[in-house]
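What you see is a predicted model; the values in this text were computed from it and never measured. Residue numbering restarts at 1 for every chain, and letters A, B, ... go by the order of the sequence lines.
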Amino acid sequence: MPPKEIRLLSTSAILGYGFPEASLAAGMARKPDMIGVDGGSVDPGPHYLGVGKPFCSPIAIRRDLRLMLHAAIGAGIPLVIGTCGGAGGAPHLDLVAAMAREIAREDGLHFKMALIQSEQDKASIKRRIAAGGIHPLAHQPDLTDAVVDRSTRIVGMMGPEPFMEALDNGAQVVLAGRSSDPAPWAAACIRAGLPPAPAWYAGKMLECGATPSIPKGHDCLFVTVREDHMECEPTNPARRCTPLSIANHSLHENSSPIHHIEPGGMLDTSGCRFDAVSDRAVRISGMTWTPASQYTVKLEGVELAGYRAICVAGTRDPLLIGRLDSFLDSVRAEVATKAAAFGAAPDTYKLGFRVYGRDGVMAAREPVRDAVPHEVGFVIEVVGQQSQEMASAVLGVARANMLHTDFPGRLCREGNMAFPFSPSDIEVGPVYRFSVYHVADVADPREMFPIEYEMV
Amino acid sequence: MALIRDAARVCKSKNAGPFELTIDVVFDDAAIFEKVKATGVLCPALFARLYSVPEEHVLFTPYDAAFAFKATFPRLVPAGEFGDTDVYGCQQHAPLLDVDLPI
């Protein structure tokens, strides 16, 4: 009997980041058993989960999806995409599912499609809280009914099991809500009879496309997984994987480089070996998997924090730069008085001055405190609780007072700020904050993730 | 003596979830990695000092297989919260660049 193996092709780091068509063609020529891509990330922040929109443009997502649908349907293999639409909520999954149907209709493609939902209804989360089955992550407070009620949207992060069920039921295109990034790939490996350790590790490589190669870029990665190792190779001849580029990737976005907590257990990479099998392919072996005593599903949720308006400005005046803090204090006091006069009490909004050239990137952690820049840039920011209109009104006062507030020794009596744009003020819209970052104990890894099937 | 900016292959920061920041310093090969490790300069106390966090909040892990050191600690502000300056957390590495390694 030949050794068990599965051949997997990931097209990019995120659906919508793009990849060269030639790289997909080169990958397909190697006859993969499945293609896929990660559809999202929590990294772009809480906004996208809250507002229900993707962080890549629908135009870019559609371009990648069309090429991948043609490749998979043409070759008769599954196409699997986790965390659809960037954040994996119901509107995100709906967006990508609608795109898949449209592309199929336009291009005459036919397939069985599975949609795996990950958005959680509030009543079910509250039942889990009552049963003591929700635990905080990253030093967050315990989850309460009040926080659940305030949350705009809550998703659960699925492991491989829902993907396995969808593939077992014959779906050729599997689109999923929020998923652990390696889960779709781990699912394919485990279904092929491979052990969880190489299955999860392969997923960790594939979820970022060609990111573990050099030069790093958004491109395709081909991974062949066997019983006790895998081989990684980018399909674009301009890139290559080296033992160091692969080893470095295990550091990516994890709190520990050796202990990777996943929904059903922990991947341990401390004993990994990285061996070059050619000048552009690397064999990885030695990873281990420890099943968890309790299967847990991570929950991510966000709540509305208000409405933001911003203004970008700069100053080139050394007299102002020399006394910036007291100037900003004066502006803040003016804004408090004037905004209160039209109904924005100080406790209904937050006013921020981000000072680029001083500590705009590192804020309180900026160690360089004695430099005197010749110019500084500002992002003046208001987050108001009441409405966009009120946030914009407060920002308008802040902008006008940044421009006109006097300061001792002032020579630039026509104005303190250079505005690069007209209009100077930008309405950013609703602002969300993370409210739920917890795990839920589950008896069945599939119980939070209903699957619907349709013929497209 | 060598500054990290000259001695390291990689020095980078990134979110590890919305509430934590993780920093990686990676060296070219086992020889330099072991020399750096032996100096003891890269340690929880260094990150505590550079990033104003209590030392007990720093998870510090040398990773021999990648010739790397990783430190993970809480973000100043959760990603995307009012006052956050770096939503992806990928520009918080600079204070390390000028750390001097006695190698």
Inset, instruction - Pull out the residues in residues 88-96 of chain B that come under 4.5 Å of chain A, heavy atom to heavy atom, sorted by number. - result: B:Tyr88, B:Gln91, B:Gln92, B:Pro95
Inset, instruction - Spell out the residues in residues 37-56 of chain B that have some non-hydrogen atom less than 4.5 Å away from a non-hydrogen atom of chain A, in order of number; otherwise answer 'none'. - result: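 Listed by number: B:Leu50, B:Tyr51, B:Val53.
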Does any heavy atom of chain A fall under 4.5 Å from the side chain of [X], the backbone, both, or neither of them?
X       : result
B:Ala68 : side chain
B:Val87 : both
B:Phe60 : neither
B:Asp24 : side chain

Taking side chain as C-beta onward, heavy atoms only, is [X] less than 4.5 Å from [Y]?
X        : Y        : value
B:Lys14  : A:Leu251 : no
B:Thr72  : A:Ser256 : no
B:Thr22  : A:Asn254 : no
A:Met362 : B:Thr85  : no
B:Phe19  : A:Gln140 : yes
B:Phe82  : A:Glu381 : yes

Legend entry - Approximate separation, where rounding is to 0.5 Å, of A:Cys272 SG and B:Asp64 CG: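 Here the rounded value is 12.5 Å.
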Legend entry - Shortest non-hydrogen separation from B:Asp28 to A:Leu244 and the atoms involved: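 That closest heavy-atom pairing would be O-CD2, 3.9 Å.
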Legend entry - Closest non-hydrogen atom pair between A:Ser255 and B:Glu20, with its separation: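 Closest approach of A:Ser255 to B:Glu20, heavy atoms only: CB-OE1, 3.8 Å.
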Select one option (side chain, backbone, both, neither) describing which atoms of [X] are under 4.5 Å from chain B's heavy atoms.
X        : result
A:Pro367 : side chain
A:Val42  : side chain
A:Ser250 : side chain
A:Ala305 : neither
A:Arg365 : both
A:Pro44  : both

Inset, instruction - May I ask you to decide if A:Ala247's main-chain N or O and B:Tyr63's side chain share a donor-acceptor pair within less than 3.5 Å? - result: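 Not a single qualifying donor-acceptor pair exists.
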